[in-house]
Amino acid sequence: MCSFLPHMRATNVVFLIAGLCVTPAAAGPTAHTGDQGVRIELRLNKPVYTAREPVEITLTVSNPASAAVTFQFPTGQMFDVLVTRQGKLMWQWSQGRAFTQAFTSLTLSPGESRVFNERWDQRDTQGRYVPAGEYEMLAVFPTEVGLVPRAGADGPQVRFQIVK
Amino acid sequence: MKGTRQLATWTPLVIGVLLVVGCTSGARLVGVPGPGQGVPTGPPPLPSSDAGLADHVPQQIVIGVLPTADAHRIVAAIDGTVAREIRELNSVTVRLRQPTSIVDTIRNLQGMAGVRYAEPNYIYQLFRTPDDPFFSSKQWGPQNINAPTAWDITMGSPNTVVGVVDSGIDSTHPDFGGKVLAGTNCTTDTLPPPSHGTHVAGIAAAIGNNGTGIAGVNWTAGILPIKVCNASGSCANSDISCGVVFGVNFAISNPSLRVVENLSLGGPGYAQQLKDAFDYALQNNVLVVASSGNDGKSTVLFPAGYPGVMAVGASTPTNGRAAFSTYGTHLSVIAPGVDIYSTVPGGGYSLMSGTSMAAPHVAGVAALILALSPGLSPAQVRSQIERTATHLGSSAFDPQFGWGVVNAAAALGALVPNNYGQVQITVQDNVTMLGVGGADVVLWVGTASCLGLTQEVQTAQTSFGPPPTTAPPLGVASFNAVPVGSYCASASTTTKKGTTAAPFAVSPGTLTTATVTISP
């Protein structure tokens with residue numbers, strides 16, 4: 001059973017953290033949340049990684065409902081992924097990137113999915129390889145500012161391990 | 001001949017073209033400046049050849065003579081016939097019998113006794129309304145920034161280039177008419193370009209008065225596509241650096257062209273490599289225009305926050321700040337950025353909103369200025385745009401609006417003296433010697449040794465480094481519009497404070513940097 005934590009704010013990104021909805025599986029931990037009937041799933045390819053082994057991240061937004069859904073975002077950024085260890089930020093996908101500054105939208109027809117594939121090379125925000133240990137990964141959705149409907153969603157979070 | 005071609009193809013919709021045939025005087029013609037100059041304060045200087053003349057009636061010259069001179073003798077001397085004579089003005093309009101150089105003939109006349117002035121029979125156009133079907137029905141940006149009046153002065157020049165550092169461009173769009181240059185792709189993404197880059201390019205430089213689609217701000221500037229963002233709109237800093245440098249090297253390789261780079265993108269992270277890339281641009285005479293950001297807050301995003309980069313926010317049709325438009329003391333100007341109609345891949349058009357749409361309005365205006373005055377430096381172009389913007393809010397600079405809404409027509413006027421400079425204050429901790437983000441910084445009228453400061457001038461907060469705030473902060477406060485003078489800066493957090501040890505001078509159009517070390 002998933003539980004939801006209150007809003008958290010970090011710089012210009014607002015996100016909601018879902019409870020840990022980890023599904024231990026050979027394919028890697030998976031967590032999902034929902035927003036406006038849309039299912040948002042964060043999946044890793046493995047539950048345990050060796051040092052410096054790339055972490056393959058799959059973020060899937062799917063619309064199981066019978067009506068189309070449109071999300072709007074204030075920039076070209078539709079998501080972010082953060083890795084933390086004991087509450088300390090270790091890596092953030094959006095670091096070192098800029099985004100187009102026009103409003104964008106994501107429309108999902110009934111039954112349609114949009115998949116984002118990313119990879120983390122186990123380097124931290126300073127470019128150093130992280131030590132072995134327990135880590136958490138959180139998917140974040142930038143919210144709207146001003147004119148458009150809210151694009152945020154409860155962000156799924158998973159746990160994984162890095163071993164020597 | 002230039003005048004012939006433009007007369008034959010020009011079809012204004014509303015007010016029409018007024019030909020001044022033999023009705024000019026020796027005074028300057030409003031709205032018809034000489035080439036390569038701002039709006040002149042006297043008769044425009046002659047270019048080296050007829051190709052450099054503003055619109056004029058082919059094979060005609062207007063001559064003013066002294067009251068005692070025989071105008072008909074002078075006309076005969078240049079093998080012309082009198083098309084019109086206005087005795088009250090001692091002036092004749094002369095039709096030349098043989099195709100000959102207008103410029104050379106005028107120079108010849110200027111050396112003749114009895115000639116008071118000689119000039120081309122300029123065409124004075126009241127207002128240019130292009131025949132692009134969406135100009136009147138869908139566009140509001142060019143009208144809002146007074147582009148139609150600016151087009152009376154210049155519609156641009158192929159000797160200027162807008163580098164669109166973006167997500168790629170559909171170069172086959174009919175509104176680009178083959179003027180897209182060979183650019184580059186700094187990403188690994190080979191997918192067809194999404195809408196963003198094509199939309200941005202159209203705002204700045206879609207061809208106007210071609211009976212198709214929209215009118216860009218600058219009709220004749222070349223478009224240099226530089227792909228640094230992938231199809232999703234994500235742009236890695238190293239790819240952006242690659243793109244900025246490509247545009248600069250293009251400018252270096254083509255010294256007869258002037259290049260303006262437009263970056264309709266942004267993010268919270270400061271990157272030294274990118275900062276160096278923009279320094280390289282400015283050192284090589286390339287102006288950089290960037291979107292301020294869409295977070296709706298007083299934050300500094302990058303590249304808008306780098307020194308020398310023009311940060312452009314978004315305005316609404318009623319000249320307000322768009323709610324999403326990022327603002328602050330680093331803002332340069334604002335420009336239309338809500339429901340902007342422009343080109344998209346596949347030959348189509350669509351509405352988009354964001355500061356991404358505001359920046360290319362300014363890039364287009366900058367290229368208009370450089371078409372008219374190619375010798376201006378990036379700092380001069382920036383200053384001219386800021387000094388001539390339509391103020392909103394306060395009478396001068398306002399962090400919400402910068403210097404106001406860009407005004408294309410005013411920006412093409414005479415150069416306005418710049419009495420402002422930029423200041424960047426770095427705040428560092430006395431123990432760690434690292435930058436301190438979120439510190440309050442105050443600029444004061446300078447005093448000896450910065451003691452007894454009483455006159456506060458401006459305030460700002462220092463920026464943070466890459467998000468989140470647990471990362472090392474950058475600790476820089478930017479002031480975009482500081483009147484020339486001597487200043488001191490103080491900085492404070494809840495636990496520490498400090499002041500510059502000595503006053504520093506702010507000079508016109510230059511960036512002044514200073515550091516404040518704070519301690520308990």
Side-chain angles (χ1 to χ4, degrees), chain A residues 8-15 59 61 71-106 114-119 123-128 138 140 142-151, chain B residues 166-167 194-197 199-200 228-240 263-269 271 274 290-297 299 301-304 314 322-326 337-340 352-359 464-472:
Chain A
M8 290 180 68
R9 181 177 290 269
T11 63
N12 66 333
V13 176
V14 178
F15 53 90
L59 190 59
V61 185
F71 292 90
Q72 288 192 296
F73 302 88
T75 72
Q77 184 181 10
M78 291 186 179
F79 68 92
D80 207 347
V81 178
L82 297 85
V83 172
T84 57
R85 185 185 185 211
Q86 297 170 346
K88 182 185 176 190
L89 184 89
M90 305 302 289
W91 175 75
Q92 186 169 353
W93 171 78
S94 65
Q95 273 199 6
R97 297 174 193 269
F99 299 90
T100 50
Q101 296 295 311
F103 283 77
T104 52
S105 62
L106 172 63
R114 175 76 181 267
V115 180
F116 303 96
N117 289 305
E118 297 297 336
R119 173 182 289 183
R123 291 179 191 267
D124 66 11
T125 54
Q126 309 299 316
R128 301 165 302 205
L138 169 70
V140 173
T143 60
E144 99 297 344
V145 178
L147 299 179
V148 297
R150 179 177 174 276
Chain B
D166 210 287
S167 60
S195 296
H196 193 270
H199 200 272
V200 166
V228 301
C229 304
N230 64 21
S232 302
S234 167
C235 333
N237 281 350
S238 60
D239 291 343
I240 301 171
L263 289 93
S264 286
L265 48 89
L274 257 179
S291 304
S292 68
N294 291 356
D295 73 2
K297 298 184 243 176
T299 52
L301 300 180
F302 299 95
F324 58 78
S325 183
T326 303
V338 179
D339 290 341
I340 302 301
M352 293 181 80
S353 295
T355 52
S356 276
M357 284 61 249
F464 287 95
T469 55
T470 51

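By convention in this document, chain letters (A, B, ...) are assigned in the order of the sequence lines, proteins followed by strands, and residues within each chain are numbered from 1. Given the structure is predicted, the values throughout are model-derived calculations rather than measurements.
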**Q** Just checking, any donor-acceptor pair under 3.5 angstrom between side chains of B/Asn294 and A/Thr75?
**A**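 Judged by distance alone, the side chains do not pair up.
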**Q** For B/Ser234, check side-chain contact (heavy atoms from CB on, under 4.5 Å) against everything at least two apart and list the hits.
**A**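 Scan of B/Ser234 (side-chain contact (heavy atoms from CB on, under 4.5 Å), adjacent residues dropped) gives A/Trp93, A/Arg97, A/Phe99, B/Asn230.
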**Q** So which of B/Gly267, B/Gly197, B/Cys235 has the largest heavy-atom pair count under 4.5 angstrom toward chain A?
**A**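 Top option by heavy-atom pairs under 4.5 Å: B/Cys235.
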**Q** Please classify the contact of B/Asp166 with chain A as side chain, backbone, both or neither, using a heavy-atom distance under 4.5 Å.
**A**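 Contact with chain A is through the side chain of B/Asp166 alone.
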**Q** Have B/His196 and B/Ser356 got a donor and an acceptor in their side chains that come within less than 3.5 Å?
**A**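 Yes, side-chain donor-acceptor contact under 3.5 Å.
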**Q** Just jot down the salt bridge (Lys or Arg N to Asp or Glu O under 4.0 Å) partners of A/Arg123, sequence neighbours excluded, or say none.
**A**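 With sequence neighbours excluded, A/Arg123 shows a salt bridge (Lys or Arg N to Asp or Glu O under 4.0 Å) to A/Asp121, given in chain and number order.
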**Q** What option among B/Ala314, B/Gly266, B/Ser325 has the most heavy-atom pairs under 4.5 Å with chain A?
**A**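 Most pairs with chain A among the choices: B/Gly266.
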